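Structure, as structure tokens:
Please read all numbers here as calculations on a predicted model, not as lab measurements.
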Amino acid sequence: MKTLTLAMFTGLAILSVPYFALSQQADQPKYKHGDWWKVSTEFEAKTSSRNEDCQDSYKDWLVKIDEKGLAHLYGIDGGKEVESICDSVMGWVFGVNESRSLKFPLTVGQTWTHRFERTFGKRTTRIEPQYKVTAWEEVLTPKGTFEAFKITGAAKWVTPRGDELFNNWTEHYSPAVKAIVLYESDTATTKRKVMLIDFNVTN
């Protein structure tokens, strides 16, 4: 009887995991004055011909919300905060910029497409990244362990020469942090990891 009871309990526990994950939902976050996030980046260039972009200016970055609810970005240089403008870094923190977009409310199994255009010389290319929320799981960061939605993204880029480049990435969005706690990408030209190291938010 004990064996049967244990087997039934184990079976119910296993069945409840997918349901629990699917029942999770993250609504559009509301940012408040005093909210801030600090992230650290690791970067590897795989080709010597790649030009340095704004996101490579600093290893550590800080984003602060002001009294008007606007986000300000700062690069950390020798302990000093240097106000900066870099769309890519804001995307790593919030999951939203010109070329990337989270779609709220987030739920496991959700898919969507984000469309934008990039101009290379005289040629304009339309790019359509594909997104999917694949899991609800724990992510370990220097600030602690957070439950987060795992989101995978994939996009095809066409260069002016007609070469096709495929960009794939994974990001983990934590509702408790109201931001991305881990971002990782590995392309033909670069490898990057961005991780939350500290934060303060008001719920």
Close side-chain approach of [X] to [Y], heavy-atom, < 4.5 Å:
X: K68; Y: H33; value: no
X: Y58; Y: S84; value: yes
X: F104; Y: P29; value: yes
X: L62; Y: D198; value: no
X: D35; Y: K178; value: yes
X: S185; Y: N168; value: no
X: R192; Y: W92; value: yes
X: Y173; Y: I180; value: yes

Nearest non-hydrogen partners of [X] and [Y], listed with the distance:
X: P129; Y: W169; answer: CB-CH2, 3.8 Å
X: A148; Y: V139; answer: CB-CG2, 4.2 Å
X: I197; Y: S40; answer: CG2-CB, 3.9 Å
X: S88; Y: N97; answer: CA-ND2, 3.8 Å
X: P142; Y: L196; answer: CD-O, 3.3 Å

Report the residue from L106, L102, T152 that forms a side-chain contact (heavy atoms from CB on, under 4.5 Å) with V133.
L106
[X] [atom1] to [Y] [atom2] distance, which is reported to the nearest 0.5 Å:
X: F43; Y: K193; atom1: CZ; atom2: NZ; answer: 16.0 Å
X: I76; Y: S57; atom1: CD1; atom2: OG; answer: 13.0 Å
X: T145; Y: L140; atom1: OG1; atom2: CG; answer: 4.5 Å
X: I85; Y: H72; atom1: CD1; atom2: NE2; answer: 10.5 Å
X: T170; Y: D186; atom1: OG1; atom2: CG; answer: 10.0 Å
X: T107; Y: Q25; atom1: OG1; atom2: CD; answer: 6.5 Å

For F146, ring-ring contact (aromatic ring centres under 6.0 Å, His included) partners two or more places apart:
F199
Determine whether a donor-acceptor pair (N or O, by modelled atom type, separation under 3.5 Å) exists between the side chain of Y131 and the backbone of S101.
yes
Who are the salt bridge (charged side-chain N to carboxylate O under 4.0 Å, His left out) partners of [X], not counting sequence neighbours?
X: K64; result: E81
X: D60; result: none
X: K150; result: none
X: K32; result: none

What class does the angle between the rings of Y31 and W37 fall in, given that below 30° is parallel, 30 to 60° is tilted and above 60° is perpendicular?
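Perpendicular.
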With the threshold set at 4.0 Å, does a side-chain nitrogen-carboxylate oxygen contact exist between K59 and D77?
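Salt bridge absent between K59 and D77.
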If you measure only the distance, is there a donor-acceptor pair under 3.5 Å linking the side chains of H172 and E184?
no
Indicate whether any N or O donor in one side chain lies under 3.5 Å from an N or O acceptor in the other, for Q130 and T113.
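Per modelled atom types, Q130 and T113 side chains form a pair under 3.5 Å.
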Verdict with reasoning, M195 to V39, per side chain to side chain contact (heavy atoms under 4.5 Å, CB included):
CA-CA 5 Å; M195 179 169 282; V39 299; over 6 Å; no
Audit row: F149, Q24, side chain to side chain contact (heavy atoms under 4.5 Å, CB included) steps and yes/no
CA-CA 9 Å; F149 287 97; Q24 297 303 307; 3.8 Å; yes
Show the numbers, then the answer: is there a side chain to side chain contact (heavy atoms under 4.5 Å, CB included) between V82 and Y74?
CA-CA 5 Å; V82 182; Y74 302 86; 6.0 Å; no
Residues pairing under salt bridge (Lys or Arg N to Asp or Glu O under 4.0 Å) where one sits in residues 103-112, two or more places apart or in two chains, turn out to be none
When you look at M90 and V63, which way does the side chain to side chain contact (heavy atoms under 4.5 Å, CB included) test go after all the steps?
CA-CA 8 Å; M90 298 297 268; V63 177; 4.0 Å; yes
Applying the 4.5 Å side-chain criterion to the ILVMFWY set and letting contacts propagate, would V201 and W36 be lumped into a single cluster?
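As far as the 4.5 Å side-chain criterion goes, W36 and V201 are not connected within one cluster.
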